[in-house]
Every structure is written in C-alpha cells, then in structure tokens.
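Below is one structure, written out as structure tokens; the observations come after it.
Letters A, B, ... are given to chains in the order of the sequence lines, protein chains preceding strands, and every chain is numbered from 1.
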Amino acid sequence: MAASSTTPTPLIAWNILWKVLFISGAFAVITVGLFTIGLRCASQYRSTTASGPIRFVNLLIAVVAFCGIAYVSFLGIHYILSK
Amino acid sequence: MSSTFILILVVIVAVGFDFTNGFHDTANAVAPTIATKALKPRTAVAMGSVLNFVGAFLSLKVAATVASGIVQQTDILQSRSAGLAVVFAGLVGAIAWNITTWYFGIPSSSSHALIGGVVGAMIAYAGGSAILWGGIIGKVLAPSIAAPLFAIFIAAIATTLSRQLTQKADSETKSLGMRAGQIGSSALLSIAHGTNDAQKTMGVVTLALVANGTIGADASTPKWVVFVCATAIGLGTFIGGWRIIRTLGQGFTKLSPTQGFASQMTSSAVILTSSHFGLPLSTTYVATGSILGSGIGTRKRSVRWSLAGRVALSWLITLPAAGACGALAFYLARGVGYGVGSIITGVALAMYATSIFLRSRRDKINSTNVNDAWGAHHEAFESTSESPSGE
C-alpha cells in the first residue's frame, strides 16, 4: 500500500515572499534604470557642447531606453493580467 | 428581523468601508506626485480616483484570499444572522480605526484594520478557535513585516541608481523628465492600489453573501459586487485624504522628483507582483516603506525616523485596536438582538464619524495647504530638528 505523501503547508509562504522581492525588485530597478539612462542621454543630446556623432549616439540610447521601458511595462502588465 | 435586512446593512457598511479605504489610501499613490508638484493636488487625486476604479476590475485573486483564508467559514455559516453580524461588526471596527488614524494623519493599513475588525468580531462570537491563525500569520503578519522592508530596500537601490545615473544630466531635463515619470508611475500605482485594495472589500461582501446563503461557499465574487466596490473606492479616492497625503509627502523626508519616481515605481512593482501571487499586502506599508527607502537612497540619508517610529507603532496596534473595535461592535449588536443591534451600532458609528469630521475642520488640511512645510500643522506630532534635503 502506497504511503501518503502529503507535505505540510508551511505557515509562511517564503517561496512567494522571495518571488515578490526578486520580481518586484527587478521590475523597479530595470524601469528606473532605463528611465534615468534615457533621461541622461536625452540631456546629453540637448547639450550644445557635444559633437554631432555623440549627440546622435545619445539620442539612439535614449530612444532605446524609453522603448525598453514601454516594453518592460507591457510585459509587467501582461504578467499581472495573465491569470 | 430577517437576515436579508442585516445583509443589506452589511453591504452598505462594506461600501462605506471601501469609501474610507479610498480616501485613507489616496496618499499611497499620489503623495509623492503632489509633494514634488509633478501634478496639482486636485488633478493628481482625480487621476488616482479614475485609475483606482479601473484597477478594481483587473484581478480577483486577493478577494479570494480575504474571503477564505482568515476565519473558519463553517463557524460563520452556523447562524446566518450571527454570521452577518460578525462581518458587520468587523467592518464597523475597521471604519472606526480608519477614521481615527485619518484624523491623526497616520498612514495605517486599511487592510489590516479590516482583517483585525473581522477577527475581533469573530473571536467575540465563536472564540479564538474560529480563527485561522496560520492564515493570519502567513497571509497577514508575515507579509506586513516583509512588505515595508522589501519596499525600503528596493526603493533605496532604485533611488541611489537614479541619482547616480542622472548626476551629469542638466537639471531642467532631469526635473521635467522625472516629473513626467512620476505621473506615469503614479498612474501605475493607482491601478495597483485599485487592483489590490478594492478586492479586500469584495472579499468581505462575498463572505457576507456566503454567510447569508445567497451564494455558495465556492462561488466567485459576483459582478455587481466588483462594480459597487470599484465605484466606492474611486469616489473615496476622489475625496482625497489630505491629512495622510501631507504626512507621506512632507513628513518622512523632503521628496525630490527623482525620489518620488523611484519610490512610486517601487511601490507599483511590489503591489502588482503581490497581487499576482494573491498575497494581500498592505499598500500603505509598501508606499510608506518606498518613501522611507527613497530618503535613505539620498546622499544625506535624510529621514525623520522619529515620525517613522511613531507610524510603525501605530502599525503594531492596528490589528488589536481594530479587533477590539470589532468585538465591541459585535457585543453591542448581539446585546439587543442582531437586527436592531446592528442598526444601533451603525448609528453609533455614523455619530463617531461625524464628530471626527467636525473636529478635523478645526485644523483643516486640504489641497491648498497640503504642501506646507512640515511642522506648520503638526508641531506637536513631529519635533525633530532635522532638515532633510532632496538629493
């Protein structure tokens, strides 16, 4: 006769708490990081002292960073709604 | 008096609680936006109101946790009238505590007030054995300790990162960009709040409907409950809990747009992720933790810890205090019969709420003075001589 293999449910769902910490931490740091990188590059792009190529690279990075935020936000919202 | 009449009373009081939850927690989403003047106070509150309403429709996972994980539903189902009176008294206790903390401008948890109220009333009705203590520890106490710590930690990292990365940016672009970012993050946070908090009342109304036998124990939350709760929290948010907005926006630290953005993104991330896992976190604790973390993330680490300590103390007593109010309300309701007793309890609550409201008008805080320097209104409440600076 097969023995019952029920595992007692832990009182505190540590696995969920850790997931919340890591996922939310990653989401916050990535979005804030991308946003500030975008801002910094946008600021460099607007700078009158920077040369043409540098301004172009900064513009490119800023666009990529802001698009990255949009993508991460989309993923985040999709993640929340996917249940 | 029929149990249906008590059920109607319960739904009315539940909607009332959701309304107080809205104005009590408006600050969670909009306080940094208002403090840094990214949006005008009224505009910020109106935006928060609409998005709280929208957010309430996004998920029902937390509602299920609240309805099933805190008290033994079988005990509530023993007697319809008594079961409904328990839910009613719990809501009364939660509203009483919410109004009291709002008056003092303390950002305490509406969710814990609700859970405390229901637990207190349930103990008064059926004793401690009717409480799922494992659920209280695992789903309420542990997350309530973890939530602000997570938020402090993540917000401190996000603020430091943000500060370091924008050191060389020109102040005009930085300020403009951060304010725009704050509006976006505030919107996200409002949705997160609606998603997380409206569900708690939905859970309680569902519990009352189960107790009355209107729906089965395994039934999902009815659509009308979702709509009514979403409307109530949206309207409550629109009223704007200015006293708490002031504490969160001006009390803990002098917020800069960079800090505001980082703290709001952190709060949104933590609340939305916890909603995804059905963990009923306190949005207030998360928002407060994020603001504290953003203060720690500044170069001067400027935080008014004395105020933070007092707020933490109020968090410790929220569950027992709301529980005591809930138990008192239940004894009052049972003393004169559940039907009439519930009416008397409701009237007593209305009188208490009115007296607090009238008292608050002596020291009025609204959209015009919410950003006044800290100390102008609460000198007795805060006596630190620190002068925190933004970055």
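Among residues 146-156 of chain B, the residues having any heavy atom closer than 4.5 Å to a heavy atom of chain A are, in sequence order, B:Ala146, B:Phe150, B:Phe153, B:Ile154.
In this structure, B:Met265 CE and A:Ile30 CD1 are separated by 10.5 Å, a value rounded to the nearest 0.5 Å. Atoms CD1 and CG, from A:Ile37 and B:Leu161 in turn, are 7.0 Å apart once rounded to the nearest 0.5 Å. For the atom pair OG (B:Ser274) and CD1 (A:Ile23), the distance works out to 11.0 Å, reported to the nearest 0.5 Å.
B:Ser162 approaches A:Val32 most closely through the heavy-atom pair CB-CG1, 3.7 Å. The minimum heavy-atom distance between B:Met178 and A:Thr36, with the atom names listed, is CE-CG2, 3.3 Å. Counting all heavy atoms, side chain and backbone alike, B:Thr273 lies closest to A:Ser24 at OG1-CB, 3.6 Å. In terms of heavy-atom proximity, A:Arg40 sits nearest to B:Gln164 at NH1-O, 4.4 Å. Of all non-hydrogen atoms in A:Phe27 and B:Ala269, the two that sit nearest each other are CD2-CB, 3.4 Å.
With a 4.5 Å cut-off on non-hydrogen atoms, B:Leu165 touches chain A through its backbone and its side chain both.
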